[in-house]
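Some notes on the structure that comes next.
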Amino acid sequence: MPELPEVETIKGDLEKTVIGKKISRIEIFNPKVIRQPQAAEFKRSLTGLRVKRVLRRGKLLILELSNAKFLTVHFKMTGQLVLRKQEPAGERKLPDAGSKKSITRVTFYLDPGLALDYNDLRLFGELRLIDDWRKLKFIQELGPEPFGLSLTDFKKMLAKKKTKIKPLLLDQKFIAGIGNIYASEILFRSKIDPQRPVHDLSPLEQTVLYKEMLKVLQSAIKHGGSSVDDYVRVSGKNGDYARFHQVYGRNGKPCLVCRTPIKRIAQGGRGTFFCSKCQAVPSSGARKENPR
DNA sequence: AATGGGACCTGCGCGC
DNA sequence: TGCGCGCAGGTCCCAT
């Protein structure tokens, strides 16, 4: 679930807390999330390094280390990074002691006195220690960041596509960082039906889409992201943007603009939420009739 | 090129 | 109360 605004929030939280800190020790509770190199070498190579910088590209979080290598974190659906105080010696417990099952997969002990837990219920997340994050195949194929993309370029990109708009917004090769929550929210605010083919969008609609995309992402970052399922900030606290959601997860509830019940449909196996009235396909004399 | 499905995982909420 | 099932969605991979 962490999408661009959530990863950007985590980045900001880490910048305030772990820059310059030394990784003194690492505990790996489930090596499945360590994708590169093997867990033992991951642990050995990382121990003793300091965190130099924190970066983000799309939904990927990148920690630049003091030896110029990089620790990358892809949270996929249920990954979390949570910072806590390291328990004084003798009082150490297993992570999440008290709850039935720990979802802490890796703990990074940071001198002085801190512990950064990588939690991941579903184990889809990926941690890597690599020489250069820019060489990751996934990164090389990634589309542009929404911020820093001009309207002109955005329109040029749209012109080449024949897909429906919602799946296209989710396509990381098209544009980086948008996931299922923000795709629905952006389209609602743009008053565009998620099922519309891209080549059908008027120039005005494309402009509106571009502006709403930036507005929604910016606002979500400002409010610390959306905590709908598992996402939490580095402090363990929820992000605050979910209360601004207009359609996501509001299946059957009245549209906040027109009271029409919000619809949920499946697109590419994923849920899409929208208001069939606010996001109706505009009637146009130029539109050829399309019976059924 | 676009689209659809399965795979990876686990907990939750549902119907019976 | 308990069981089985579908669902959640980021990304990769294969098939059509």
Side-chain angles (χ1 to χ4, degrees), chain A residues 1-10 29-36 56-62 72-81 95-96 99-106 118-128 130 133 136-143 145-146 156-187 194-201 217 220 225-232 239 242 245 247-252 262-274:
Chain A
M1 295 270 208
E3 307 181 24
L4 187 155
E6 287 74 32
V7 181
E8 184 67 21
T9 299
I10 292 167
F29 303 100
N30 192 325
K32 190 158 268 184
V33 298
I34 313 280
R35 307 297 172 119
Q36 196 185 340
R56 179 194 60 75
R57 176 77 169 95
K59 300 171 190 171
L60 187 73
L61 181 80
I62 303 143
T72 66
V73 181
H74 200 304
F75 298 96
K76 295 291 179 82
M77 256 101 69
T78 56
Q80 306 172 331
L81 276 176
D96 284 2
S99 60
K100 50 243 146 147
K101 219 186 264 179
S102 171
I103 58 168
T104 297
R105 312 307 187 184
V106 181
Y118 178 73
N119 303 328
D120 193 345
L121 172 64
R122 290 172 66 183
L123 298 170
F124 287 169
E126 304 187 350
L127 306 190
R128 292 173 200 276
I130 49 177
W133 62 273
L136 289 171
K137 177 168 170 268
F138 153 74
I139 289 290
Q140 302 234 317
E141 294 174 350
L142 211 52
E145 288 288 318
K156 278 183 198 160
M157 286 160 55
L158 286 176
K160 293 183 205 154
K161 293 294 178 177
K162 296 202 155 101
T163 341
K164 289 169 178 149
I165 185 60
K166 158 71 161 37
L168 184 63
L169 290 177
L170 288 182
D171 181 356
Q172 302 300 297
K173 296 184 172 81
F174 177 73
I175 195 162
I178 298 174
N180 210 35
I181 295 174
Y182 294 106
S184 282
E185 293 299 321
I186 289 165
L187 288 170
Q195 304 163 102
R196 297 267 301 279
V198 173
H199 58 76
D200 230 31
L201 300 179
L217 295 175
S226 303
S227 290
V228 295
D229 288 316
D230 301 82
Y231 164 74
V232 290
H245 291 181
V247 287
Y248 184 81
R250 299 196 62 250
N251 191 18
I262 297 299
K263 270 194 191 166
R264 181 196 182 279
I265 59 171
Q267 282 186 298
R270 250 147 291 156
T272 298
F273 299 89
F274 69 111

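The sequence lines fix the lettering, A, B, ..., with proteins before strands; numbering per chain opens at 1. Predicted model only: the values in this text are computed from it and were never measured.
- Put simply, CG on A/Leu170 is 14 Å from P on C/dA8, counting in whole angstrom units.
- Remark: the separation of the P atoms in C/dC5 and B/dG6 is 16 Å, to the nearest Å.
- Atom-to-atom, NZ of A/Lys161 to P of B/dT3 comes out at 10 Å; the value is rounded to the nearest Å.
- Side-chain N/O atoms of A/His74 include one lying less than 4.0 angstrom from OP1 or OP2 on C/dT11.
- When side chains are defined from C-beta on, A/Glu6 counts as touching A/Tyr182, because their heavy atoms get closer than 4.5 Å.
- Among the nucleotides B/dA2, C/dC7, C/dG10, the one closest to the side chain of A/Arg264 is C/dC7.
- Looking at A/Asp230 and A/Met77, their side chains never come closer than 4.5 Å, going by heavy atoms from C-beta outward.
- You'll find that the side chain of A/Leu123 is closest to B/dT10, out of B/dT10, B/dT3, B/dA2.
- Side-chain N/O atoms of A/Gln172 include none lying less than 4.0 angstrom from OP1 or OP2 on C/dG10.
- Taking atom CG of A/Asp171 as the reference point, atom P of C/dT11 lies 10 Å away to the nearest angstrom.
- At distances below 3.5 Å, at least one donor-acceptor pair connects side-chain atoms of A/Arg56 with backbone N or O atoms of A/Gly58.
- Annotation: C/dT11 and B/dG11 have their P atoms spaced 23 Å apart (nearest Å).
- Residues A/Ile103 and A/Asp120 form no side-chain contact, since every pair of their non-hydrogen atoms from C-beta on lies 4.5 Å or further apart.
- With B/dG11, C/dG10, B/dC9 as the choices, the nucleotide that has an atom nearest any side-chain atom of A/Met77 turns out to be C/dG10.
- The closest donor-acceptor contact from the side chain of A/Arg35 to the backbone of A/Gly125 lies under 3.5 Å.
- When rounded to the nearest whole Å, the span between CD1 of A/Ile139 and P of C/dG10 equals 16 Å.
- Rounded to an integer number of Å, the gap from A/Asp120 CG to B/dT10 C1' is 10 Å.
- Here the side chain of A/Lys59 is nearest to one of C/dA8, C/dT11, B/dA2, namely C/dT11.
- Taking atom OH of A/Tyr231 as the reference point, atom C1' of C/dA8 lies 19 Å away to the nearest angstrom.
- Ion pairing between A/Glu145 and A/Arg57 holds under the 4.0 Å rule for side-chain N and carboxylate O.
- Nucleotides C/dG10 and B/dA1 are separated by 24 Å at their P atoms, to the nearest Å.
- Distances were taken from every side-chain heavy atom of A/Thr163 (C-beta onward) to each of B/dA2, C/dA8, B/dG11; the shortest belongs to B/dA2.
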Checklist entry - Yes or no on side chain to side chain contact (heavy atoms under 4.5 Å, CB included) for A/Gln267 and A/Leu170, after CA distance, side-chain angles and deciding distance? => result CA-CA 11 Å; A/Gln267 282 186 298; A/Leu170 288 182; over 6 Å; no
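- Of the possible donor and acceptor atoms, one in the side chain of A/Ser227 sits under 3.5 Å from a partner among the backbone N and O of A/Gly239.
- The ring of A/Phe124 lies on top of the base of B/dC8, close enough and flat enough: under 5.5 Å between centres, under 30° between planes.
- In this structure, the ring of A/Phe138 has its center less than 6.0 angstrom from the ring center of A/His74.
- Within 4.0 Å of A/Gly125, counting heavy atoms only, lies no atom of the nucleic acid at all.
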Checklist entry - Dot-bracket, DNA chain B: Watson-Crick or G-U, under 3.5 angstrom, [ ] crossing, | other strand? => result .|||||||.|||||||
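- Taking every heavy atom of both residues into account, A/Leu123 and A/Thr78 meet most closely at N-OG1, 4.4 Å.
- Regarding A/Lys162, its NZ atom lies at a distance of 7 Å from the P atom of B/dA2, rounded to whole Å.
- Between the CG atom of A/Asp230 and the C1' atom of C/dC7 there is a distance of 14 Å, given to the nearest Å.
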Provide a list of protein-nucleic acid N or O atom pairs under 3.5 angstrom, restricted to nucleotides 12-16 of chain C.
none

